[in-house]
A.B. asks: 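This structure is in structure tokens; I'll ask about it shortly.
For clarity, every value in this text was computed on a predicted model and none was experimentally measured. Each chain gets a letter, A, B and so on, in the order its sequence line appears, and its residues count up from 1.
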2 protein chains.
Amino acid sequence: MKELQSEYQCAINLVIDLIGGKWKVLLLWHLNEGDKRFNELRRTIPEITKKMLTQQLRELEGHGLVKRTVFEEVPPRVVYSTTDFGHRLQPVLYGMCQWGDDYAEKEGIQMNSCWTGRDFMKNKSDLS
Amino acid sequence: MKELQSEYQCAINLVIDLIGGKWKVLLLWHLNEGDKRFNELRRTIPEITKKMLTQQLRELEGHGLVKRTVFEEVPPRVVYSTTDFGHRLQPVLYGMCQWGDDYAEKEGIQMNSCWTGRDFMKNKSDLS
DNA sequence: CGGAATCCAGACGGATACTG
DNA sequence: CAGTATCCGTCTGGATTCCG
């Protein structure tokens with residue numbers, strides 16, 4: 001488990017320690033859609049291994065960005081969701097996504113089935 | 001040099017490839033304050049080694065987020081700045097910083113001299 | 001001043017086997 | 001189903017030295 005420092009020069013450094021790395025932002029993004037089970041996340045992100053998924057979810061949980069709920073059933077069911085604080089990151093993730101979309105368009109990079117910034121926008125206006 | 005994929009599942013993945021890692025977000029954040037020379041960046045971020053600084057700046061340049069300008073003088077002078085597109089990420093970085101500040105406050109983490117989201121806010125209202 | 005080259009440790013990530 | 005445990009290779013990042 002990655003320990004935070006007791007002191008930071010700049011908030012950006014803290015943010016990098018909290019959500020840096022290859023998977024965390026992606027996990028938070030997908031969890032913002034709604035609660036997800038372990039294997040549901042694996043299907044959503046096929047490239048991640050069980051080991052990495054467990055590890056990253058545990059760190060997010062440890063830093064209070066993700067909540068892990070265990071239902072004592074057989075077979076066991078575990079549901080992951082963002083905490084209120086983790087959820088507060090959503091506008092930022094959304095901004096990142098939009099910026100990424102713009103970059104992809106500018107550079108002619110193909111974007112696939114996944115939930116993108118534009119989809120999100122469309123979805124929001126559908127709701128209103 | 002990290003090559004981008006020709007196709008992405010999700011814009012977030014593209015964004016991670018563009019500005020992921022330990023240094024890029026921090027560099028873009030500092031470059032948004034204004035153009036900076038190589039050793040100026042080193043002083044701003046004392047923990048980064050020359051190798052990493054060069055490497056990360058080159059990748060940012062290669063992806064069109066940072067511009068590198070060489071002045072043919074003795075001693076040589078090289079100035080780095082954000083491109084227009086790199087600059088478009090600023091609101092996102094600002095949002096990250098604010099969120100990080102909130103986290104630090106919530107968790108009682110000390111924040112130091114560096115340019116933070118709040119400082120930025122203060123600065124903007126000073127200008128207006 | 002602004003790098004490049006080299007070497008090395010540790011983090012990251014894959015495969016496989018096992019478990020309540 | 002939702003993990004743990006272990007082994008192992010790759011690869012990123014850090015320290016140091018050298019260079020025009």
Side-chain angles (χ1 to χ4, degrees), chain A residues 1-5 9 12-13 15-28 30-31 34-63 66-81, chain B residues 1-5 9 12-13 15-28 30-31 34-63 66-81:
Chain A
M1 170 77 184
K2 171 142 190 166
E3 293 305 328
L4 298 180
Q5 299 167 41
Q9 274 290 317
I12 284 282
N13 288 296
V15 173
I16 291 173
D17 279 356
L18 285 171
I19 61 168
K22 193 172 174 179
W23 303 113
K24 293 206 178 83
V25 171
L26 195 58
L27 287 169
L28 288 171
H30 287 300
L31 287 176
D35 302 0
K36 289 242 159 64
R37 300 182 58 174
F38 187 83
N39 279 343
E40 206 170 347
L41 283 169
R42 289 190 67 197
R43 281 190 297 276
T44 311
I45 311 170
E47 320 87 71
I48 198 169
T49 61
K50 283 194 289 187
K51 174 182 161 186
M52 279 298 110
L53 183 53
T54 305
Q55 191 177 106
Q56 302 298 306
L57 284 170
R58 288 289 191 285
E59 293 189 4
L60 287 170
E61 188 194 1
H63 293 144
V66 159
K67 187 157 71 77
R68 178 172 182 266
T69 310
V70 182
F71 296 87
E72 298 291 353
E73 306 170 355
V74 180
R77 185 158 61 99
V78 179
V79 171
Y80 294 92
S81 54
Chain B
M1 169 78 184
K2 172 138 186 171
E3 292 304 328
L4 297 178
Q5 298 168 39
Q9 276 288 318
I12 284 284
N13 287 296
V15 174
I16 291 171
D17 279 357
L18 285 172
I19 59 167
K22 191 174 176 181
W23 303 111
K24 294 210 177 79
V25 172
L26 194 59
L27 286 170
L28 288 171
H30 286 301
L31 286 176
D35 302 1
K36 289 241 161 63
R37 298 183 58 174
F38 187 81
N39 279 342
E40 205 171 348
L41 284 169
R42 288 190 67 196
R43 279 191 296 276
T44 312
I45 311 169
E47 321 88 72
I48 197 170
T49 61
K50 284 194 288 186
K51 173 184 163 185
M52 280 298 110
L53 183 54
T54 305
Q55 192 178 100
Q56 302 297 308
L57 285 170
R58 287 289 193 286
E59 293 187 6
L60 288 169
E61 188 193 1
H63 293 143
V66 159
K67 187 157 71 79
R68 178 172 182 267
T69 310
V70 182
F71 294 88
E72 297 293 352
E73 305 169 356
V74 180
R77 184 158 63 100
V78 180
V79 171
Y80 295 91
S81 55

A.B. asks: Would you name the heavy atoms of B/Y80 and B/L41 that are closest together and state the gap between them?
C.D. replies: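 Nearest heavy atoms, B/Y80 then B/L41: CD1-CD1, 4.3 Å.
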A.B. asks: For DNA chain D, what residues of residues 40-50 of chain A have any heavy atom nearer than 4.0 Å?
C.D. replies: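 Heavy-atom contacts with DNA chain D come from A/K50.
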A.B. asks: Tell me the interatomic distance from B/Q55, atom CD, to C/dA5, atom C1', rounded to whole angstroms.
C.D. replies: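 It is 13 Å, rounded to the nearest whole Å.
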A.B. asks: Counting just side-chain N and O atoms, does A/Y80 come under 4.0 Å of either OP1 or OP2 of D/dC1?
C.D. replies: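 No, no such contact exists.
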A.B. asks: Can you tell me the distance, in whole Å, between the CD atom of A/Q56 and the P atom of D/dT4?
C.D. replies: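 Between P of D/dT4 and CD of A/Q56: 13 Å.
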A.B. asks: May I ask you to test the A/L26-A/H30 pair for a side-chain heavy-atom distance under 4.5 Å?
C.D. replies: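 Yes, at least one pair of side-chain atoms sits under 4.5 Å.
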A.B. asks: Indicate whether OP1 or OP2 belonging to D/dT4 is found under 4.0 Å from a side-chain N or O atom of A/R58.
C.D. replies: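 For A/R58, the contact criterion (side-chain N or O under 4.0 Å from OP1 or OP2 of D/dT4) is met.
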A.B. asks: Take the C1' atoms of the five end pairs on each side of the helix from C/dC1-D/dG20 to C/dG20-D/dC1, derive the two axes, and give their angle rounded to 10 degrees.
C.D. replies: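 Rounded value for the end-axis angle: 50°.
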A.B. asks: DNA chain C: B/R68 or A/P76, which has the more 5' nearest nucleotide?
C.D. replies: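 Final value for this comparison: B/R68.
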A.B. asks: Nearest whole Å is fine: how far is D/dG13 P from B/W23 CH2?
C.D. replies: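 That distance rounds to 10 Å.
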A.B. asks: Measure the distance from CG on A/N39 to C1' on D/dC1 and round it to the nearest whole Å.
C.D. replies: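 From A/N39 CG to D/dC1 C1': 6 Å.
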A.B. asks: Could you check if a side-chain atom of B/T54 sits within less than 4.5 angstrom of a side-chain atom of B/F38, using non-hydrogen atoms only?
C.D. replies: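 Yes - at least one pair of side-chain heavy atoms lies under 4.5 Å apart.
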A.B. asks: Can you check whether any acceptor in the base of C/dG14 is under 3.5 Å from a donor in the side chain of A/K51, or vice versa?
C.D. replies: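 Result: at least one qualifying N/O pair found.
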A.B. asks: If the cut-off is 4.0 Å, is A/R37 near the phosphate of D/dC1, judged by side-chain N/O to OP1 or OP2?
C.D. replies: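 Checking A/R37 against D/dC1: no side-chain N or O falls below 4.0 Å of OP1 or OP2.
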A.B. asks: In whole Å, I'd like the distance from the NZ atom of A/K22 to the C1' atom of C/dG14.
C.D. replies: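 One finds 11 Å between C1' of C/dG14 and NZ of A/K22, rounded.
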A.B. asks: Got a sec, which residues hit side chain to side chain donor-acceptor pair (under 3.5 Å) with B/R58, two or more places apart in sequence or on another chain?
C.D. replies: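 In terms of side chain to side chain donor-acceptor pair (under 3.5 Å), with neighbours along the sequence ignored, B/R58 is linked to no residue.
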